Every structure is written in C-alpha cells, then in structure tokens.
*Asks:* 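Let me give you the structure first, and then I'll get to my questions.
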Number of protein chains: 2
Amino acid sequence: MKHLDDRALAHVADYFRALSEPLRLKILNELRRGPRNVNQLTQMLACSQANVSKHLGVLSRFGLVARDAQGTAAYYRIADPAVYELCDLVCGRMANHLKSQADALHAFGTAPARPARSLSARPR
Amino acid sequence: MKHLDDRALAHVADYFRALSEPLRLKILNELRRGPRNVNQLTQMLACSQANVSKHLGVLSRFGLVARDAQGTAAYYRIADPAVYELCDLVCGRMANHLKSQADALHAFGTAPARPARSLSARPR
DNA sequence: TTGCTATATCGCTTAATAGTAATATAGTAT
DNA sequence: ATACTATATTACTATTAAGCGATATAGCAA
C-alpha cells in the first residue's frame, strides 16, 4: 500500500509504544507463564503496586492484555498472540546482534562497554 | 528463560520505542520501496528536514536503518529485515482488530467514534 | 457497621522527546 | 577563495510519561 491511513499508523505506533518500556516487557514476560494478579506481579517485579497497575492499564488499553476480575483480585493475561511473536522476533534479532558483536569483540580482544542509551543523548 | 537481563531488556524496549512514532513508521514504509536520501524523504513526508534527520538518527542509532553517504547526500536503507516482519505483524493484528470491530459495528448499526488515544489520558 | 485486603486513580516531580528555527558542517562547483 | 546544496546539530518550547506517595474504590470478613 502506498498511502497509510494516519489513524491506523497512530495505532501501530501506540502498539509499539506499549512495548517500549522495560517494566511492561517484564510484565508480559511474566504473563507468558500464565495469568497473574496485580499482587503477584508486584512482588515478582519488585516495584510499587501503583506502578504495576498503571502499566497494566496501558497494556490493557491497547489490547495486549486482558483483565479478569476475581473477587477483589484482578487477573491479567496476554490477550494478543502477536505479543509472543513480536517479542521473540526482537529478542532473536538482539541475540544475533549480540552474537556478532561478541564475535567481533572476540576477534578484537577487547571487553565490551555498552552504557544504556537514551533516545536523545547521542554518545560519541 | 526465567530471568531477563536488564540490559538486554532495555535494548528491546529501545527497539520498540524506535518504532513508536508515526513519522518514523512513515519513513520506514518509504524505505521499504528502496533507499532514499534525506531530501526525498523530507518532500514525501511533508515535514521539516531537521525533523527527518533527527528521526533518521534515532532509527540509525538503534540499527533499524543504515546510512550510505553519497557526495553531500545521505541515502538511508532498511538495515534490519526484522523491521518488515514486525510491521507486517502489527499491521495484520490491526487489520484483524479493525475487521472484528467493523463487524461488531455492522451488527450494532452504529458509526464508530475513535478519538486519538494517548498513553496517559484514559477515556471513559 | 468496622476492619482488612486488593486494585485503581490522583497529584506531583522529574526526565525524555517531538517539533521548530537557526546554525554548523561538509561536499561540490565556479 | 566564494557560493550553493545537502545534511546534521544546537537551543529552545510544549507535551508526554514514569515513578512515587497518598487516596479512593470495591469486595470480603467479623
């Protein structure tokens, strides 16, 4: 297709944005093992309950996870099978990248120094 | 895998974040047709050259595109084949989602009202 | 009712980022 | 050298979002 609908494009961007937080990726990774409630996730991820709820809200709003109320508890589960494929795809790419990087370093004989990169600060 | 390395996780999140902007998705969609220089992209996307360069910098920094200098021009091309699969996957999901939504609306007999959603403002 | 537990939301601060205009840099030509 | 073109970067503003503590909401128990 030549011209992409702006609204659809914004949706795709939103979908990727939902996947662009380490904590949300951790949540999804936990949910791969099966449904979990907020309390369980909070303990597993070692962060505040408010934060977990907020991130679950984001994932839920964009359709990545679904909520099942059970008494006072709220169980979340992965609602979109594409999540599995997406994460596997990127993780695979990452593995390849790291592998070739490791090979290069091995050939070069140096230790890697890979500081966390942000979108704005461009290291030289 | 049970425990994910925080650094790798941050990389995956960064990768998805690079895909979380409509303009960057437009750029990638243009580059699917072949290498393009900054000027061409600027005209096609109808936005400022500075902005295009900045977004290309982001895409380049996270390995989604590569730069080939050619005189004063800079030609960019998609460097990671996973980009194709990722976008297709999400677009396919989106199509399914819209289709079922359309079906539901058809059965319901109402016109859709889908305002743009942000990550923070939760509509009720 | 009161108390307890689980979850969601609000208010806030801080950090990141998209966009713009202006400027810097670099290659090419004259 | 100067001029022109293409691209990258800087400085800035406005918006967005993550994280936290406090609070609200809701179900359940005594």
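None of the values given here were measured: they were computed from a predicted structure. Protein chains get the first letters and strands the later ones, always in sequence-line order, with residue 1 at the start of each.
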*Asks:* Give the B/S/- string for nucleotides 22-29 of chain C, one per nucleotide from 5' to 3', where a protein heavy atom under 4.0 Å of the base yields B, of only the sugar-phosphate yields S, and otherwise -.
*Replies:* B----BS-
*Asks:* Between B:Y75 (OH) and D:dT5 (P), how many Å, whole number?
*Replies:*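 Taking OH of B:Y75 and P of D:dT5, I get 16 Å after rounding.
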*Asks:* Strictly below 4.0 Å: does B:R67 bring a side-chain N or O up to OP1 or OP2 of D:dT7?
*Replies:*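 For B:R67, the contact criterion (side-chain N or O under 4.0 Å from OP1 or OP2 of D:dT7) is not met.
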*Asks:* Figure out the NZ/P separation between B:K26 and C:dA18, and round it to whole Å.
*Replies:*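 These atoms are roughly 15 Å apart.
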*Asks:* Which residue is it: A:V58, A:D80, A:L59? I am looking for the one with a side chain to side chain contact (heavy atoms under 4.5 Å, CB included) to A:V65.
*Replies:*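 The option that passes is A:L59.
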*Asks:* Report the residues that fulfil side-chain contact (heavy atoms from CB on, under 4.5 Å) with B:R36, sequence neighbours left out, ordered by chain and then residue number.
*Replies:*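 With sequence neighbours excluded, B:R36 shows a side-chain contact (heavy atoms from CB on, under 4.5 Å) to B:E30, B:L31, B:R33, B:Q40, B:L41, B:M44, given in chain and number order.
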*Asks:* Ion pair present between A:E21 and B:R17, side-chain N to carboxylate O less than 4.0 angstrom?
*Replies:*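 Here A:E21 pairs with B:R17 in a salt bridge, since their nearest N and O are under 4.0 Å apart.
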*Asks:* In Å and rounded to the nearest 0.5 Å, what is the CG to CD1 distance from B:L56 to B:I27?
*Replies:*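 Here the rounded value is 4.5 Å.
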*Asks:* Enter the distance from A:F62:CZ to A:R24:CZ here, rounded to the nearest 0.5 Å.
*Replies:*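 One finds 8.5 Å between CZ of A:F62 and CZ of A:R24.
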*Asks:* Closest heavy-atom contact between B:V52 and B:C47?
*Replies:*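 So the minimum-distance heavy-atom pair works out to CG2-SG, 3.5 Å.
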*Asks:* Could you please name the option among C:dT20, D:dG19, D:dT7 that lies closest to any side-chain atom of B:K54?
*Replies:*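 Looking only at heavy atoms from C-beta outward on B:K54, the closest nucleotide is C:dT20.
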*Asks:* Apply side-chain contact (heavy atoms from CB on, under 4.5 Å) to B:Y15 and A:L19, showing your working.
*Replies:* CA-CA 9 Å; B:Y15 193 91; A:L19 291 165; over 6 Å; no
*Asks:* Take the protein atom CZ of B:R61 and the nucleotide atom C1' of C:dA16, then report the distance between them rounded to whole Å.
*Replies:*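 B:R61 atom CZ is separated from C:dA16 atom C1' by 12 Å.
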*Asks:* Check the distance between C:dA18's C1' and B:L56's CG and give it to me in whole angstrom.
*Replies:*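 After rounding, the reported distance stands at 14 Å.
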*Asks:* Which whole-number value in Å describes the distance from B:R17 CZ to C:dA15 P?
*Replies:*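 Taking CZ of B:R17 and P of C:dA15, I get 16 Å after rounding.
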*Asks:* Side-chain N or O of B:Y76 less than 4.0 angstrom from OP1 or OP2 on D:dA6?
*Replies:*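 False: B:Y76 side-chain N/O out of range (4.0 Å or more) of D:dA6 OP1/OP2.
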*Asks:* Measure NE2/B:H55 against C1'/D:dT7 and give the value in whole Å, please.
*Replies:*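 Those two atoms, NE2 and C1', are 16 Å apart.
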*Asks:* Please report, rounded to the nearest Å, how far the P atom of D:dA6 is from the CG atom of B:D68.
*Replies:*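 Atom CG in B:D68 sits about 18 Å away from atom P in D:dA6.
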*Asks:* Kindly point out which of D:dA18, C:dT20, D:dA6 is positioned nearest to the side chain of B:S48?
*Replies:*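 Shortest atom-to-atom distance from the side chain points to C:dT20.
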*Asks:* Write down the atom of A:P22, the atom of B:A10, and the distance for their closest heavy-atom approach.
*Replies:*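 Smallest heavy-atom distance, with atoms named: CG-CA, 4.3 Å.
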*Asks:* For the residue pair B:D68 and B:Y75, confirm or rule out a side-chain donor-acceptor distance under 3.5 Å.
*Replies:*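 Not at all, the side chains of B:D68 and B:Y75 share no donor-acceptor pair under 3.5 Å.
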*Asks:* For the pair made of CG in A:N51 and P in D:dC20, what is the distance, rounded to whole Å?
*Replies:*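 So the two atoms are 6 Å apart, to the nearest Å.
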*Asks:* Which of residues 37-46 of chain B sit near DNA chain D, with a heavy atom under 4.0 Å from it?
*Replies:*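 By residue number: B:N37, B:V38, B:N39.
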